[in-house]
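What you see is a predicted model; the values in this text were computed from it and never measured. Note: hydrogens, waters and symmetry copies are ignored here, and every other heavy atom, side chains too, is used.
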Amino acid sequence: MYRTEETAATIPAGEYVARYRNAEKFIVFCQACSRYGACWACPPHGFDADEYLSGYRTALIIGTRIIPEPSARAECATPEQGRQAGQRMIVEVRRTLDARLLELERKYPGSRAFYAGTCHLCPEGTCARSEDRPCRYPDRIRPSLESLGFDIGKTASELLGIELKWSEPGSSGLPEYFTLVSGFFSSRPANDGSW
């Protein structure tokens, strides 16, 4: 149904924050989303993002392209079918990717994973935040880079050599590929090479 390709880049964390983060610009996109204030992984966060990001030496940025097979694209006759198929692919890939990121956290204490996009731990629309209750999965939930104001388009193109693709208007809804951008911040030096 699809295949994946992964690209990664390592950059000093302070440099990544300085060059690729613009919280004021990107919070506007979050505020326009239905998950804003309704999902624990999404803004507004209950912590100071600048403080949350400080103290790390290295940022490992991981770009994962999900490339639908031509047959999968052909099976999507309507934009809604394309949206559903794309969502299924993203959730499947994220399940594996998120588990790998959490494993890195366990391996390197004091590090922090950042998922690609919103939370998928609870079925859509059932996050405990919408009922003013604590997260059901506090040990597994992580914010995304974009929820903290990082420019994912610039990150993907400049650091990973990946241009973001979108569905063509009037098409089946499946673009040439989807791009997931996740991160792993650590206190380890960038040239350590033992990820």
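Tyr56 places a side-chain heavy atom less than 4.5 Å from the side chain of Arg112. No side-chain heavy atom of Ile67 sits under 4.5 Å from any side-chain heavy atom of Glu176. The shortest distance between side-chain heavy atoms of Ile61 and Leu145 falls below 4.5 Å. You'll find the side chain of Tyr52 reaches within 4.5 Å of the side chain of Pro143, heavy atoms only. At least one side-chain heavy atom of Ile62 sits less than 4.5 Å from a side-chain heavy atom of Leu101. Inter-residue side-chain proximity for Phe150 and Ser144 is flagged as unmet; no heavy-atom pair is nearer than 4.5 Å. Two residues are said to be in side-chain contact when any heavy atoms from C-beta on lie closer than 4.5 Å; Glu69 and Met1 fail this criterion. Residues Thr64 and Phe178 have side chains not in contact (no heavy-atom distance under 4.5 Å, counting atoms from C-beta outward).
Asp132 is linked by a side-chain contact (heavy atoms from CB on, under 4.5 Å) to nothing, counting only residues two or more places apart in sequence or in another chain. The ring-ring contact (aromatic ring centres under 6.0 Å, His included) search around Tyr36 returns none, not counting sequence neighbours. Not counting sequence neighbours, the partners of Glu103 by the side-chain contact (heavy atoms from CB on, under 4.5 Å) test are Arg106. Take Tyr177 and apply the ring-ring contact (aromatic ring centres under 6.0 Å, His included) test, not counting sequence neighbours, and it matches no residue. For Arg19, the side-chain hydrogen bond (donor to acceptor under 3.5 Å, both in side chains) criterion is met by Glu15, not counting sequence neighbours. With sequence neighbours left out, His45 forms a ring-ring contact (aromatic ring centres under 6.0 Å, His included) with Phe47. Contacts of Tyr2 classified as ring-ring contact (aromatic ring centres under 6.0 Å, His included), with partners at least two apart in sequence or in another chain: none. Residues forming a side-chain contact (heavy atoms from CB on, under 4.5 Å) with Ala9 (at least two apart in sequence, or on another chain): Leu159, Leu160. Here Glu124 pairs with Arg35 under the side-chain contact (heavy atoms from CB on, under 4.5 Å) rule; sequence neighbours left out.
Across Cys42 and Arg129, no two heavy atoms sit closer than the pair O-NH1, 2.8 Å. Closest approach of Ser111 and Leu104 over heavy atoms only: OG-O, 4.0 Å. Closest approach of Pro68 to Leu174, counting heavy atoms only: CB-CD1, 4.3 Å. Closest approach of Cys39 to Cys127, counting heavy atoms only: CA-SG, 3.6 Å.
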Using distance only, find each side-chain donor-acceptor pair of residues 23-30 under 3.5 Å and give its atom names and separation, not counting sequence neighbours.
none

From CA spacing to verdict: side-chain contact (heavy atoms from CB on, under 4.5 Å), Ser186, Leu60: CA-CA 8 Å; Ser186 174; Leu60 172 66; over 6 Å; no

side-chain contact (heavy atoms from CB on, under 4.5 Å) assessment of Phe114 paired with Phe184: CA-CA 6 Å; Phe114 297 91; Phe184 180 74; over 6 Å; no

Residues Tyr115, Val181; criterion side-chain contact (heavy atoms from CB on, under 4.5 Å); working and verdict: CA-CA 8 Å; Tyr115 293 159; Val181 178; over 6 Å; no

Verdict with reasoning, Ser157 to Ile162, per side-chain contact (heavy atoms from CB on, under 4.5 Å): CA-CA 5 Å; Ser157 65; Ile162 300 171; over 6 Å; no

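Sorted by first and then second residue, the salt bridge (Lys or Arg N to Asp or Glu O under 4.0 Å) pairs with a member in residues 84-94 read Arg94-Asp98; sequence neighbours excluded.
Between the side chains of Tyr16 and Thr58, not a single donor N or O lies within less than 3.5 Å of an accepting N or O.
Surrounding CD of Glu131 are more than 12 heavy atoms belonging to other residues, nucleotides or ligands, all under 6.0 Å away.
Glu163 has no carboxylate O lying under 4.0 Å from a charged side-chain N of Arg65, or vice versa, which leaves the two without a salt bridge. Glu105 has a carboxylate O that lies under 4.0 Å from a charged side-chain N of Arg142, or vice versa, which qualifies the two as a salt bridge.
Grouped by direct or indirect side-chain proximity (heavy atoms under 4.5 Å, Ile/Leu/Val/Met/Phe/Trp/Tyr only), Ile141 sits with Trp40, Leu121, Tyr137.
Expressed to the nearest 0.5 Å, how far CD1 of Ile90 lies from CZ of Arg95 amounts to 13.0 Å.
Hydrophobic cluster membership differs between Val91 and Ile66, with clusters built from Ile, Leu, Val, Met, Phe, Trp and Tyr side chains linked at under 4.5 angstrom.
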